[in-house]
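Numbers restart at 1 for each chain; the letters A, B, ... are given by sequence-line order, proteins then strands. Quick caveat, the model's predicted, so the values are computed rather than measured.
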There are 2 protein chains.
Amino acid sequence: MAVKKVGRGSFKQQISDDLRQQIADGTLEAGAKLPTEAQLTDQYGVTRGTVRAALEILVNEGLIISARPVGHFVRDRKPMIFRPQAEFRPRPYTPEMDAFMTENASRDADQDIEVSIVEPTAEVTKRLQLDAGELVVSRRRVRHLDGEPFNLNDSFYPLSIVQDSAIMRPDNIPEGANEVLAALGYRQERAIDELYVRMPTPDEVRRLELLPGTPIGYHICTGYTEAGKPVRVAITVLPGDRHVISYERRREAPSDEA
Amino acid sequence: MAVKKVGRGSFKQQISDDLRQQIADGTLEAGAKLPTEAQLTDQYGVTRGTVRAALEILVNEGLIISARPVGHFVRDRKPMIFRPQAEFRPRPYTPEMDAFMTENASRDADQDIEVSIVEPTAEVTKRLQLDAGELVVSRRRVRHLDGEPFNLNDSFYPLSIVQDSAIMRPDNIPEGANEVLAALGYRQERAIDELYVRMPTPDEVRRLELLPGTPIGYHICTGYTEAGKPVRVAITVLPGDRHVISYERRREAPSDEA
DNA sequence: CAGTGGTCTAGACCACTCT
DNA sequence: GAGTGGTCTAGACCACTGT
């Protein structure tokens with residue numbers, strides 16, 4: 001080997017550490033092309049397999065992408081899309097003193113809707129407190145921005161309460177599904193929100209066209225009537241490379257301490 | 001090869017798809033031991049390298065862990081720790097109708113604190129609107145639960161306003177850093193919150209002892225005085241396998257639509 | 001066509017743990 | 001010592017793209 005094993009770690013760790021450092025300090029800037037596998041093989045005096053193992057680490061960290069057969073490139077930084085979700089915005093949002101989130105004002109929005117009657121997953125069954133065998137209406141949507149998939153929004157309703165309503169039509173609902181539910185006598189007065197952070201499933205990778213190393217935020221919102229009956233579960237999948245969840249607050253809950 | 005290449009995908013894709021399916025449908029339940037690499041090598045009629053590539057996919061999806069030299073195991077599902085952050089809880093939390101988040105009531109809590117005067121990162125400089133060369137006081141904390149690192153909470157203050165205050169002491173601040181700031185004439189009246197979802201840096205992996213395939217939530221809270229002067233940046237790193245962010249709401253912002 | 005990365009083979013040696 | 005996974009070598013063939 002041309003290079004001796006200095007410091008700790010395996011060869012692939014050393015190589016990926018080197019490249020990560022170059023990305024961090026700007027030697028390799030966003031969009032820049034990395035050396036080819038052959039060049040790295042020569043440079044470090046290891047075999048191609050070892051070089052590929054090092055690059056794979058960086059791919060899985062979301063730092064680089066492989067654009068076959070052109071080469072590896074430093075991944076562009078998050079587009080800094082600003083998308084305040086209502087649930088993350090307890091107070092009206094006012095755009096001041098936050099120059100860092102003023103990008104992406106308005107762009108072409110679009111969505112695909114797919115409505116079906118399905119057996120609910122355990123996740124949905126539990127939150128809707130369904131009996132065994134009870135079916136739900138599923139409204140699955142892929143929201144697009146400028147033609148690219150942007151997030152997923154799947155809502156589930158007990159079939160028993162939305163049967164034959166506008167919720168079952170595979171169109172946009174101008175007044176909003178919540179108003180339809182309210183007209184049916186199930187106005188939502190409370191909601192419980194949960195946010196998970198995890199790696200995507202292959203299905204989510206496909207629907208959102210995710211690159212390797214892209215984690216997601218998994219947001220589950222369960223809506224309840226005043227009587228405490230759950231009537232709706234909405235699951236939003238937010239790709240980490242396309243979303244910044246942001247909101248402003250005024251006092252009263254002085255935040256993270258410390 | 002003993003197994004023919006049915007359907008799509010490479011051998012490693014087929015193998016990881018098979019195993020992922022078995023994990024999803026419960027054939028392999030949480031904590032179960034996977035077949036050894038040698039067994040999978042025989043079973044699929046490929047070389048060990050191919051089997052390892054398949055397992056690596058599942059590791060990076062956070063589905064399995066490798067416990068050398070014992071074997072690979074299905075990763076335990078998130079401990080479902082419930083930690084409402086103040087900023088995600090616009091209304092007081094009431095524990096009702098949510099049996100799915102009642103675990104982990106009270107456990108041993110602990111934290112390490114490390115205070116220093118540092119040159120701020122670009123991220124902090126921008127949010128604190130600092131001049132070039134201006135220094136900050138950094139309070140870096142690792143919070144532990146039952147002896148395990150649970151999350152990171154790093155706060156940054158302009159050196160010019162907290163010099164010689166209790167904020168610079170590497171102890172817990174009983175009344176809270178925010179009260180100290182207020183006593184210094186910098187009471188925070190507004191805050192901007194941002195939440196990013198991404199893979200961890202090696203430093204975050206080390207501080208939080210993260211397993212491969214564990215993404216993080218990266219929460220930045222910038223606090224402002226009434227006059228609009230930023231006085232504090234708090235960065236919280238929440239490991240995806242240890243956190244569920246959860247809160248309850250009542251009406252007024254009827255959520256995710258759809 | 002040459003050059004890129006994607007996949008796979010068939011070995012090898014190592015560190016570690018358990019028996 | 002046997003068995004596990006971690007790392008690495010030294011090849012091979014393929015699909016795709018650009019010249």
Taking only side-chain N and O atoms of [X], does any of them lie within less than 4.0 angstrom of OP1 or OP2 on [N]?
| X | N | value |
| --- | --- | --- |
| A/Thr36 | C/dG3 | no |
| A/Arg52 | C/dG5 | no |
| A/Arg68 | D/dA15 | no |
| B/Lys12 | C/dC8 | no |

Output yes when a side-chain donor or acceptor of [X] lies under 3.5 Å from a complementary backbone atom of [Y], and no otherwise.
| X | Y | answer |
| --- | --- | --- |
| A/Arg242 | A/Leu238 | no |
| A/Arg139 | A/Arg169 | yes |
| B/Glu204 | B/Thr201 | yes |

I need the [atom1]-[atom2] distance between [X] and [N], as an integer number of Å.
| X | N | atom1 | atom2 | answer |
| --- | --- | --- | --- | --- |
| A/Glu56 | C/dT7 | CD | P | 9 Å |
| B/Leu55 | D/dG5 | CG | C1' | 10 Å |
| A/Ile57 | D/dG6 | CD1 | C1' | 12 Å |
| B/Glu37 | C/dA10 | CD | C1' | 15 Å |
| A/Tyr44 | D/dC8 | OH | P | 13 Å |
| A/Ile65 | C/dG5 | CD1 | P | 13 Å |
| B/Asp42 | C/dA10 | CG | P | 13 Å |
| B/Leu34 | D/dG5 | CG | C1' | 13 Å |

Of the nucleotides D/dT9, D/dG6, D/dT7, which one has an atom closest to the side chain of A/Ser10?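 The answer is D/dT7.
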If you check the A/His72 side chain, which of C/dG6, C/dT4, D/dT4 turns out closest?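 It is C/dG6.
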When all nucleic acid strands are considered with a 4.0 Å heavy-atom cut-off, which category describes B/Thr47: base, sugar-phosphate, or nothing?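 Counting heavy atoms under 4.0 Å across all strands, the contact made by B/Thr47 includes a base.
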Any luck finding a side-chain donor-acceptor pair between A/Thr27 and A/Asp25 under 3.5 Å?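 A pair is found: one side chain offers a donor N or O, the other an acceptor, under 3.5 Å apart.
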Below 4.5 Å, heavy atoms only, C-beta onward: do B/Asp154 and B/Arg207 meet side chain to side chain?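 Side chain of B/Asp154 against side chain of B/Arg207, heavy atoms only: contact under 4.5 Å found.
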On a plain distance test, is the side chain of B/Arg48 in donor-acceptor contact with the base of C/dG11 below 3.5 Å?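 Counting by modelled atom types and ignoring angles, no donor-acceptor contact under 3.5 Å is found here.
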First of A/Val70 and A/Thr50 reached from the 5' end of DNA chain D, by closest nucleotide: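 Between the two, 5'-proximity favours A/Thr50.
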